[in-house]
Amino acid sequence: MRVLQVALPLPLPPMSYLPPLGAEGEEALGRRVAVPWRGEVRLGVVVGEGGGPAHTLRHAIAYLDQGPYLRPEEILFLEEAARYLFAPLGQVLSDFLPPFPEVRHRVRLYPGADPSRLPRGLEALTDWQEAKGFDPKALDLLREAGLLEEEVAFKEGKRVLLPLREAHPDPELDRVLRVLSSLGQAESLAALARAAGVGVGRVKRLLAEGYIGYGPPSPPPREGRPVAPLFLPERPGRVNGGRLGERVRLLKGLVAEGDHLVLFPEVSLLERFLAYFPEARPYHGGLPPWEREALFRKPEGLVFATYPGLLLPFTPRSLVVVEEGSESYKLPSGTRAFVPPLAEMRARLLGIPLTYLSLVPSVEVLERPGLTFPVPKPRLLLLDLRREKGFPLVGRAWALLQQVEEKGRQALVLAPRKGYSALLLCADCGYKPTCPNCALPLRYHKGGKGRLLCHQCGHEEAPPPLCPVCGSTLLEPKGPGLEWLQEVLRERLGVPVYRYAKDAKDDLTPLLQGAPGVVVGTTALLRGPVLPELALVLLPYAEGFLLEADFRAAERYHRLLWALTELRPGRKPLLALQTYHPDHPAHQALLEGSVEAFPWAEKALREALGYPPKGRMVKLEVAHRKEERALAEAYALLEALKGVAEEGEVLGPAPAPVPRVKGLYVYHLLLKGSTERLHALLSRLDRRRFKLDPDPHRFVGLLED
């Protein structure tokens, strides 16, 4: 008997089921299916056939698609991605598959079965009933006994009124039809009646005569800015540099004809490019479920997507990955995948070309043959904090801000942290309030009566009026944050000062209309609106973005600086950096106007250390509320690798850069090598004893599911 391999969107490998009763001979591969699982009904995808003895298996309940939802090409990608990520196939499916639509699940006792065998409380099952009204475990007992008949199907999605014909002989009804045609669609009969200024009866007549009807909604048409494509004689592996407008034109040339998939790290950048491509179809998690489902069922044309677009069931003519070095491509949970390597895998499996398109190339793609276009040399001013006076802003920084005010222009001030300050510090004894759960100082937030907050675990407490160690009153804030900068700017400037962070965004409408002002914000500013009169971008403490505990920190900082130069396309605002390291290679790269010089130097350094991209690196993380237990667990992993790991393949164990987070002591081991070699090492370890990050981009911890 046939055995189906069903992948559920759970951190599990595929599981074996028999085909649904009555559908034993139907083609199953790639179809969505409802199956019993742990007393409940779950939805999954058939990814193969074959498995254990059929007599020990349960039947799937029902197929939910008439034909394949995923092609063999997508199933192969899921299998290869699972191997690359050292993850169960079900976890990869969960990360990349769009949410399932709602289902209607009806149950009843099989006709002819003895109703007296029904347990108490299930007497109503002699006729069709909605399953959600009954205990799932009781239903599963009937299912196992072969007494339960079931119907599982997707609920009909959202429906709207659509025009079906062009004209109606009755002038009044024809006018209503033309109103609907101009709208494109209407939410209901009443909505169309209101729009046309007629009674609902007339709209019902159009529906009854077949001039209008219900159908799935379609996205509203978009207007785009005209842009001329820039064609290249050959398709390069990567394209870097140039102005934003030039990269838009290059993308226009790369996707000029046929079906293409373009990946973006985040929705804000996708929408920024979408303004030039009205013909493109967006696909991302912010869209309504019905719109995502409709595109997944029929992907075609030019698709602009975030990472779930990699599983769309079609073979585009090419794949383009925009800003491949962006950390937003890193999934924070699930498989914790970094998407660009999977995009390269997808393109290889489909046999299509892949092009990376970015201002600054990531170190990982430097060796791909490509083109680098000239970059307008940034206007950069380095303010050496070792020599210049002033806190939190030096004298020349204030002079620049006053020029912005005098000329009626706009400025951005980028803060490396939220809150008022990084910590409170006693000037007499050096005491600083620390989180009881994490090895971190508490951030000081000044609003209201003031509060001390841990940005890792959320612990909150009131700031002490006196130092609890020595009783001193000199408990002072250190390390200016967003609130501190906003406060001092409001005190000394006569223009409005706005706040812009992920958790609090002021209304910037006056600035968008050209009014002068200053915005203080975090890196959320990179995804904010374009300010038309932007003249200055100021970083009061550049090291706040540079001094991070991982080997990619400098590359990330270099990419940030270049991104800041493009905050106002068409103009070059002055980029002023207050820094203790004015001679840092990232700063020199901007002074030279080179987007490639720093990545090549960084690549040479990493190769000398055997770090990516020379080979892969994975992070193993163990944590426990007792430090000695966490350390013992970490050394147990190291011991298990003895005699198997070669020299240089294992780094650690070592405490995480933040050694205690949320009450847990955290230790890391790093494994280096090829995918095959890492599989060999990981096969010696009990995966239940650690959490794994297959492509670590930050090392602070804590990995969470």
Side-chain angles (χ1 to χ4, degrees), residues 32 34 43 62 64-66 69 98-107 124 127-133 151-224 267-268 270-271 274-275 277-306 308 505 507 509:
R32 289 178 290 187
L43 306 186
L64 299 169
D65 300 298
Q66 295 300 314
Y69 187 67
F100 291 118
E102 288 188 66
V103 295
R104 185 183 183 194
H105 183 197
R106 299 198 308 160
V107 293
D127 200 2
W128 285 111
Q129 303 291 335
E130 294 290 335
K132 65 180 180 181
E151 287 184 353
V152 183
F154 289 125
K155 290 182 179 179
E156 190 176 76
K158 182 178 180 181
R159 312 289 280 180
V160 296
L161 281 173
L162 302 170
L164 302 180
R165 301 188 195 180
E166 293 184 359
H168 193 283
D170 184 320
E172 184 64 18
L173 294 180
D174 184 63
R175 186 180 66 81
V176 178
L177 184 59
R178 281 187 280 110
V179 168
L180 181 58
S181 297
S182 65
L183 294 173
Q185 59 193 37
E187 294 292 319
S188 63
L189 296 172
L192 177 56
R194 285 194 300 271
V198 298
V200 176
R202 293 183 180 275
V203 180
K204 287 182 177 178
R205 182 179 163 190
L206 282 173
L207 180 66
E209 294 179 1
Y211 284 84
I212 63 175
Y214 286 101
S218 56
R222 295 187 311 275
E223 294 183 1
V267 176
S268 60
L270 184 153
E271 291 180 339
L274 201 60
F277 294 82
E279 72 277 19
R281 302 174 67 188
Y283 181 77
H284 55 79
L287 297 173
W290 60 264
E291 191 170 340
R292 293 178 69 186
E293 176 76 7
L295 192 146
F296 199 94
R297 284 184 171 277
K298 193 177 181 181
E300 59 185 4
L302 176 58
V303 179
F304 279 12
T306 51
K505 297 181 176 68
D507 182 8
T509 300

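The first residue in the sequence is number 1, and the count goes up from there.
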More than 12 heavy atoms from other groups under 6.0 Å of CD on Glu300 = yes

Hey, does Tyr211 have a side-chain heavy atom less than 4.5 Å from the side chain of Leu164?
-> no

Check Val160 against Pro217 and note the closest heavy-atom contact, atom names and distance.
-> CG2-CA, 3.6 Å

Could you give the distance from CD (Glu279) to CG (Leu274), rounded to the nearest 0.5 Å?
-> 9.0 Å

Say you draw a straight line from NZ of Lys155 to NE2 of His105; how long is it, rounded to the nearest 0.5 Å?
-> 12.5 Å

Using a cut-off of 6.0 Å, state whether more than 12 heavy atoms not belonging to Gln66 lie near its atom CD.
-> no

Pairs satisfying salt bridge (charged side-chain N to carboxylate O under 4.0 Å, His left out), at least one member in residues 189-198, at least two apart | none

So, do Pro98 and Tyr283 sit near enough that their side-chain heavy atoms are less than 4.5 Å apart?
-> yes

Over all atoms of both residues, closest heavy-atom pair of Arg292 and Gly285 | NH1-CA, 3.6 Å

More than 12 heavy atoms of other residues, nucleotides or ligands under 6.0 Å from CD of Glu130: is that the case?
-> yes

Evaluate the side chain to side chain contact (heavy atoms under 4.5 Å, CB included) criterion for residues Leu295 and Leu287: first the C-alpha distance (whole Å), next the side-chain angles of each, then the deciding distance (0.1 Å), finally the verdict.
-> CA-CA 11 Å; Leu295 192 146; Leu287 297 173; over 6 Å; no

Provide the closest heavy-atom pair for Ala280 versus Pro282 in the form atom of the first, atom of the second, distance.
-> O-CD, 3.7 Å

Using the test ring pair (Phe, Tyr, Trp, His ring centres under 6.0 Å), find all partners of Phe277 that sit at least two apart in sequence or belong to another chain.
-> Phe304

Partners passing side chain to side chain donor-acceptor pair (under 3.5 Å) against Glu271 (at least two apart in sequence or in another chain) | none

Nearest heavy atoms of Ala62 and Val152, plus distance in Å | CB-O, 4.1 Å

Distance-only check: which donor-acceptor pairs under 3.5 Å involve side-chain atoms of residues 175-185, not counting sequence neighbours?
unit_1 : atom_1 : unit_2 : atom_2 : d
Arg175 : NH1    : Ala196 : O      : 3.0
Arg175 : NH2    : Glu172 : OE2    : 3.0
Arg175 : NH2    : Ala196 : O      : 2.8
Arg178 : NE     : Asp174 : OD2    : 3.1
Ser181 : OG     : Leu177 : O      : 3.1
Ser182 : OG     : Arg178 : O      : 3.4
Ser182 : OG     : Val179 : O      : 2.6
Gln185 : OE1    : Ser218 : N      : 3.0
Gln185 : OE1    : Ser218 : OG     : 3.3

So, for Ala34 and Leu43, which heavy atoms are closest and what is the spacing to 0.1 Å?
-> CB-CD2, 3.7 Å

For Glu293, side chain to side chain donor-acceptor pair (under 3.5 Å) partners two or more places apart = Arg32, Tyr69, Arg297

Find the distance between CG (Leu161) and CZ (Arg159) and round it off to the nearest 0.5 Å.
-> 11.0 Å

Pairs under 3.5 angstrom only: tabulate donor-acceptor contacts from the side chains of residues 197-210 to other protein residues two or more places apart or in another chain.
unit_1 : atom_1 : unit_2 : atom_2 : d
Arg205 : NE     : Glu209 : OE2    : 2.8
Glu209 : OE1    : His168 : NE2    : 2.7

Begin with the C-alpha distance, continue with both residues' side-chain angles, and end with the deciding distance and a verdict on side chain to side chain contact (heavy atoms under 4.5 Å, CB included) for Tyr214 and Leu189.
-> CA-CA 10 Å; Tyr214 286 101; Leu189 296 172; 3.6 Å; yes

